[in-house]
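Below: one structure, written as structure tokens.
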Amino acid sequence: MSKTNKIRVLALGVIRDRDRIFLSEGYDPIKEKYFYRALGGGVDFGETSLAALQREFQEELQVDLSNIYYLGCLENVFVFNGKPGHEIIQLYQCDFADATFYQREEISFQEGKREKKALWVNRDRCLSGELNVVPKSFLKYL
């Protein structure tokens with residue numbers, strides 16, 4: 001393994017609303033396949049995963065979180081855009097502090113230079129496999 005390959009530590013938030021889950025939509029151009037995952041992002045050196053979760057939601061959606069509860073740790077080894085990846089995910093259950101976010105079906109946001117989209121999806125579409133939710137170990141928290 002090359003020394004440039006690193007394990008990323010992420011903090012992701014599961015937000016539920018009845019039978020809906022709020023997920024980010026991504027696309028792998030090599031696989032030509034969409035995928036969905038919880039929102040959040042990388043934990044910086046010296047930062048707690050909880051602080052990273054709050055910072056990422058503030059940076060990407062300009063929203064605060066409430067009722068934050070730690071769910072567990074996931075490990076994700078994958079290939080994206082033809083390149084191997086490895087993540088350690090600190091997973092939290094949380095709510096939007098701003099109730100208007102529950103009324104918005106879809107939200108566009110910037111992640112670095114990429115335009116991204118987050119949306120409410122039906123939980124059953126995730127559990128049935130209709131939507132490609134990553135990592136697969138995340139499904140048990142829905």
Side-chain angles (χ1 to χ4, degrees), residues 1 4-142:
M1 181 185 287
T4 60
N5 291 343
K6 296 193 178 188
I7 297 173
R8 288 187 66 213
V9 177
L10 302 178
L12 302 181
V14 180
I15 301 179
R16 298 180 182 96
D17 180 40
R18 296 178 303 276
D19 61 345
R20 304 184 310 162
I21 310 293
F22 195 72
L23 299 175
S24 173
E25 181 181 79
Y27 183 74
D28 187 322
I30 300 291
K31 296 176 186 173
E32 298 182 345
K33 192 174 183 181
Y34 285 94
F35 62 90
Y36 299 84
R37 75 181 228 174
L39 269 79
V43 178
D44 294 334
F45 184 81
E47 180 181 45
T48 66
S49 60
L50 175 59
L53 178 72
Q54 294 169 315
R55 174 182 51 76
E56 286 287 338
F57 271 82
Q58 203 37 250
E59 287 176 1
E60 293 173 356
L61 301 178
Q62 292 76 52
V63 68
D64 290 325
L65 300 172
S66 62
N67 305 317
I68 303 170
Y69 176 78
Y70 181 72
L71 292 173
C73 183
L74 305 174
E75 187 166 12
N76 187 23
V77 179
F78 60 97
V79 175
F80 171 71
N81 204 15
K83 297 178 182 158
H86 191 169
E87 301 168 333
I88 301 296
I89 299 167
Q90 297 296 326
L91 189 63
Y92 291 85
Q93 178 178 309
C94 48
D95 294 325
F96 286 124
D98 180 348
T100 64
F101 275 78
Y102 293 97
Q103 299 162 11
R104 299 169 68 182
E105 289 300 316
E106 187 177 296
I107 299 171
S108 295
F109 65 96
Q110 289 291 125
E111 187 176 71
K113 295 179 182 178
R114 295 177 298 174
E115 179 75 18
K116 303 262 317 219
K117 165 169 87 168
L119 63 160
W120 289 103
V121 298
N122 186 285
R123 179 179 177 266
D124 291 340
R125 293 181 68 201
C126 299
L127 295 174
S128 71
E130 178 187 342
L131 297 179
N132 178 31
V133 177
V134 295
K136 294 297 178 209
S137 57
F138 173 75
L139 292 172
K140 73 179 180 180
Y141 293 98
L142 298 184

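Worth saying up front: this structure is predicted, and the values here are computed from it rather than measured.
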Exercise for the section: Report, as yes or no, whether the 6.0 Å neighbourhood of atom CD on Glu32 holds more than 12 heavy atoms from other residues, nucleotides or ligands. Expected result: no
Problem - N/O donor-acceptor pair under 3.5 Å between Arg114 side chain and Phe109 backbone - result: no
Handout entry: Test item: Lys31 side-chain N/O and Val79 main-chain N/O as donor-acceptor pair under 3.5 Å
Key = yes
Exercise for the section: Taking Asp28 for its side chain and Ile30 for its backbone only, find out whether a donor-acceptor pair lies under 3.5 Å. Expected result: yes
Fill in the blank from the handout: Residues Ala11 and Val43: closest non-hydrogen pair is N-CG2, 4.0 Å
Problem - Test: Glu111 and Lys117 ion pair at under 4.0 Å - result: no
Problem - Salt bridge present between Glu105 and Arg20 (N-O < 4.0 angstrom) - result: yes
Problem - Main-chain N/O of Leu142 paired to Arg123 side chain as donor or acceptor, under 3.5 Å - result: yes
Exercise for the section: Could you check if a side-chain atom of Phe138 sits within less than 4.5 angstrom of a side-chain atom of Val133, using non-hydrogen atoms only? Expected result: yes
Exercise for the section: Could you tell me whether Tyr102 and Phe96 have their ring centroids closer than 6.0 angstrom? Expected result: yes
Handout entry: Heavy-atom side-chain contact between Ile68 and Leu53 under 4.5 Å
Key = yes
Practice task
Could you walk me through whether Leu50 and Tyr92 pass the side-chain contact (heavy atoms from CB on, under 4.5 Å) test, one step at a time?
Solution key: CA-CA 8 Å; Leu50 175 59; Tyr92 291 85; 3.8 Å; yes
Handout entry: From Arg16 atom CZ to Ile21 atom CD1, the distance as rounded to the nearest 0.5 Å
Key = 5.5 Å
Handout entry: Residue pair Asp64 / Gln58, side-chain donor-acceptor N/O under 3.5 Å
Key = yes
Handout entry: Cationic N near anionic O, under 4.0 Å, Asp44 to Arg55
Key = yes
Exercise for the section: Using only heavy-atom distances, determine whether the side chains of Glu25 and Tyr34 contain a donor-acceptor pair under 3.5 Å. Expected result: no
Problem - Side chains of Asp95 and Asn67, donor plus acceptor under 3.5 Å - result: yes
Handout entry: Residue pair Phe78 / Glu87, side-chain heavy-atom distance below 4.5 Å
Key = yes
Handout entry: Close side-chain approach of Tyr70 to Gln90, heavy-atom, < 4.5 Å
Key = yes
Problem - Student check: side-chain heavy atoms of Ser108 and Lys116 closer than 4.5 Å - result: no
Problem - Distance (rounded to the nearest 0.5 Å) between Gln54 CD and Ser49 OG - result: 10.0 Å
Exercise for the section: For the residue pair Tyr27 and Asn81, establish whether any side-chain heavy-atom pair is separated by less than 4.5 Å. Expected result: no
Exercise for the section: Output the distance between atom CG (Leu139) and atom CG (Leu127), rounded to the nearest 0.5 Å. Expected result: 6.0 Å
Exercise for the section: Could you walk me through whether Cys73 and Ile89 pass side-chain contact (heavy atoms from CB on, under 4.5 Å), step by step? Expected result: CA-CA 6 Å; Cys73 183; Ile89 299 167; over 6 Å; no
Problem - Aromatic ring pairing Phe35/Phe80, orientation class (parallel under 30°, perpendicular over 60°, tilted between) - result: perpendicular
Practice task
Indicate yes or no: at least one non-hydrogen side-chain atom of Arg37 is less than 4.5 angstrom from one of Leu10.
Solution key: yes
Handout entry: From Asp98 atom CG to Arg104 atom CZ, the distance as rounded to the nearest 0.5 Å
Key = 8.0 Å
Handout entry: Derivation of the side-chain contact (heavy atoms from CB on, under 4.5 Å) call for Val134 and Tyr36
Key = CA-CA 6 Å; Val134 295; Tyr36 299 84; over 6 Å; no
Problem - Residue pair Val121, Phe22: steps toward the side-chain contact (heavy atoms from CB on, under 4.5 Å) verdict - result: CA-CA 6 Å; Val121 298; Phe22 195 72; over 6 Å; no
Handout entry: Polar side-chain atom of Trp120 near backbone of Glu106 as donor-acceptor pair, under 3.5 Å
Key = no
Practice task
Identify the two heavy atoms, one from Gly42 and one from Ala52, that lie closest to each other, and give their separation to 0.1 Å.
Solution key: O-CB, 3.9 Å
Fill in the blank from the handout: Here the gap from Leu74 atom CG to Leu91 atom CG, rounded to the nearest 0.5 Å, amounts to 5.5 Å
Exercise for the section: May I ask you to test the Cys126-Leu23 pair for a side-chain heavy-atom distance under 4.5 Å? Expected result: yes
Completion exercise
CG of Leu39 to CG of Leu12, rounded to nearest 0.5 Å, is 8.0 Å
